[in-house]
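So the structure is just underneath, and the comments pick up after that.
Protein chains get the first letters and strands the later ones, always in sequence-line order, with residue 1 at the start of each.
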Amino acid sequence: MQKSPLHPFSATIMAWYAKHQRELPWRQTKDPYAIWLSEIILQQTRVAQGLPYFDRLITAFPTVRDLAEAPEASLLRLWQGLGYYSRARNLQKAAQMVMRDFKGSFPPTYDEIILLPGVGPYTAAAIASFAFNEAKAVVDGNVYRVLSRVFAIETDIASSAARGVFTSLAQSLIPSQDPATFNQAIMEFGALQCTPAPDCSDCPLRVSCEALSLGRVAELPFKSKKTKVKEIEMNYLVIEQKGQVLVRERTEKGIWKGLWEFYLIENSTEWLPFQRRALKSPPVHLLSHRKIHCEAWHVQVPDNFTLEIPEGYSWMSPSDFESKGKPVLLLNLISDNLDCPILQDISPTYL
DNA sequence: AAATCGGGGTT
DNA sequence: AACCCAGATTT
């Protein structure tokens, strides 16, 4: 098989990477399980935010078997605060698939890896190249930015055609002899040098970058659609009786599936016939597509009263509730009201 | 093709 | 306030 010559772009970024790469724990290993775990954590998540979660999860679940056999609740508790919780649920489904369908050994090819739930074209290429040296080019936000600028590509990265355009280009640039380093290099280059608002004065590609010579660095990559934010209201009642609190798991589709919460009233006012005390409202909670206004009250139900438990809810001790994964909104509600004894009992011991 | 799914850092 | 982050899945 004939070797194709190394493209100048590839040579430049790989030389740059040799000098500027960060030391990250998932770069110290060839274990596909550890690499996979890191890639799922890093989906739409900055390295700095994901790092402590990687340490925590690889310690709690050192092997794919440990992850497959863990209670889902404990996984979601460890994932608490990281967001996109379907990643955690798919992570465990995939671990169980590796145990069952691949007899416990991680599948070694892109075509098999992409069959795992939660693994799409980016993550499959990352694992296949990093762990198994398969020459599949990764295309993530960094790659869109670097390639659109260096080669002055005006394709709308929000369009469905964009992935194909950039994947073809990246695949033509990746060297078959060291695909892993190329993939690491182009992403690290996008993260550290070719940033959204870059300093091009010390860029090793400044003489060949087409966007720079065209004066279009700030305009690339081009992205059309912007997300619209919907404002919603969430009212929580911390209903307490005999030292327990009324809670439920969010099982319906939508945000925070698999996480736990207090008695929720959305966009309406219905009241229990008991004395209630207003709690301090947590700050307005901003998600990428939601703006959540929250108010909360503490309700003390007399011991001798038998409360009709609403569908889906149950009584739980504060320590059991502490062990469940909760949205950051609720963590803020709890930490802002530590003068309320039962909330103090629920207050997490870490994070 | 467009919407959905979190939370946090940068500018 | 807008944009982005080692994107994937559902509608």
| Does the side chain of D320(A) pick up a donor-acceptor pair with the side chain of S323(A) at under 3.5 Å? | no
| query | Between atom NZ in K291(A) and atom P in dA2(C), what is the gap in whole Å? | reply | 10 Å
| field | Residue-phosphate contact under 4.0 Å: K228(A) side-chain N/O, dA2(B) OP1/OP2 | value | no
| message | Output the rounded distance in Å from CG (N332(A)) to C1' (dG6(B)). | response | 13 Å
| field | Distance between C1' atoms of dC5(B) and dC5(C) (Å, rounded) | value | 14 Å
| For residues T109(A) and E134(A), is any side-chain donor paired with an opposing acceptor at under 3.5 Å? | no
| task | For K225(A) and for K257(A), locate the closest nucleotide of DNA chain B by heavy-atom distance; then report the residue assigned to the nucleotide nearer the 5' terminus. | result | K225(A)
| query | H285(A) side chain N/O closer than 4.0 Å to the phosphate oxygens (OP1, OP2) of dG7(B)? | reply | yes
| query | When you compare dG6(B) with dC4(C), how far apart are their C1' atoms, in angstrom units rounded to a whole number? | reply | 14 Å
| Separation of dG6(B) P from L76(A) CG (nearest whole Å) | 11 Å
| task | Please check the phosphate of dT4(B) (OP1 and OP2 only) for any side-chain N or O of W256(A) closer than 4.0 Å. | result | no
| Counting only side-chain N and O atoms of H289(A), is one of them less than 4.0 Å from OP1 or OP2 of dC5(B)? | yes
| Nucleotide dC5(B), atom C1' - distance to CZ of R290(A) in whole Å | 9 Å
| With a 4.0 Å cut-off on heavy atoms, is I41(A) in touch with a base, just the backbone sugar-phosphate, or nothing at all? | nothing
Could you list the donor-acceptor pairs under 3.5 angstrom formed between side-chain atoms of residues 236-243 of chain A and any protein atom two or more places apart in sequence or on another chain?
from	atom 1	to	atom 2	distance (Å)
Y236(A)	OH	E261(A)	OE1	2.6
E240(A)	OE1	H298(A)	NE2	2.6
Q241(A)	NE2	P302(A)	O	2.8
Q241(A)	NE2	F305(A)	O	2.7

Using residues 91-102 of chain A as the side-chain source, report each donor-acceptor pair under 3.5 Å to any protein atom, sequence neighbours left out, with the distance given to one decimal.
from	atom 1	to	atom 2	distance (Å)
Q92(A)	NE2	L67(A)	O	3.0
Q92(A)	NE2	A70(A)	O	2.5
Q96(A)	NE2	A68(A)	O	3.2

| request: Mind calculating the distance between CZ (R87(A)) and P (dG6(B)) to the nearest angstrom? | output: 9 Å
| message | Under 6.0 Å between ring centres: does that hold for W256(A) and Y85(A)? | response | no
| query | Over how many whole Å does the gap from L329(A) atom CG to dG8(B) atom P extend? | reply | 11 Å
| query | Is the distance between the ring centroids of F321(A) and F262(A) under 6.0 Å? | reply | yes
| request: Between dG9(B) and dA8(C), how far apart are the P atoms? Round to whole Å, please. | output: 23 Å
| note | Atom CD1 of I255(A) and atom P of dC5(B) are separated, to the nearest Å, by 7 Å
| task | Report the distance from atom CH2 of W79(A) to atom P of dC5(B), rounded to the nearest whole Å. | result | 18 Å
Scan the side chains in residues 139-149 of chain A for donor-acceptor partners under 3.5 Å anywhere in the protein, sequence neighbours excluded, and list what turns up.
from	atom 1	to	atom 2	distance (Å)
D140(A)	OD1	N142(A)	N	3.1
D140(A)	OD1	V143(A)	N	2.9
D140(A)	OD2	N142(A)	ND2	3.0
N142(A)	OD1	R145(A)	NH2	2.9
N142(A)	OD1	A191(A)	N	3.3
R145(A)	NE	C194(A)	O	2.6
R145(A)	NH2	G190(A)	O	2.8
S148(A)	OG	Y144(A)	O	2.8
S148(A)	OG	R145(A)	O	3.1
R149(A)	NE	V217(A)	O	3.2
R149(A)	NE	L220(A)	O	2.9
R149(A)	NH1	T195(A)	O	2.7
R149(A)	NH2	T195(A)	O	3.3
R149(A)	NH2	P196(A)	O	3.0
R149(A)	NH2	V217(A)	O	3.4
R149(A)	NH2	L220(A)	O	3.3

| Residue met sooner reading DNA chain B from 5', once K326(A) and A197(A) are mapped to nucleotides | K326(A)
| task | Going 5' to 3' through nucleotides 3-9 of chain C, assign each nucleotide B (protein heavy atom under 4.0 Å from a base atom), S (under 4.0 Å only from sugar-phosphate atoms) or - (no protein heavy atom that close). | result | -BBBBSS
| Pair N332(A), S335(A): side-chain N/O donor-acceptor within cut-off below 3.5 Å | no
| request: Using the six-membered ring of Y84(A), assess whether NZ or CZ of R87(A) lies under 6.0 Å from its centre and within 45 degrees of the ring axis. | output: no
| task | Go through the structure and list residues passing side-chain hydrogen bond (donor to acceptor under 3.5 Å, both in side chains) with Y110(A), not counting sequence neighbours. | result | none
| Nucleic acid contacts - residues 61-70 of chain A versus DNA chain C, non-hydrogen atoms under 4.0 Å | none
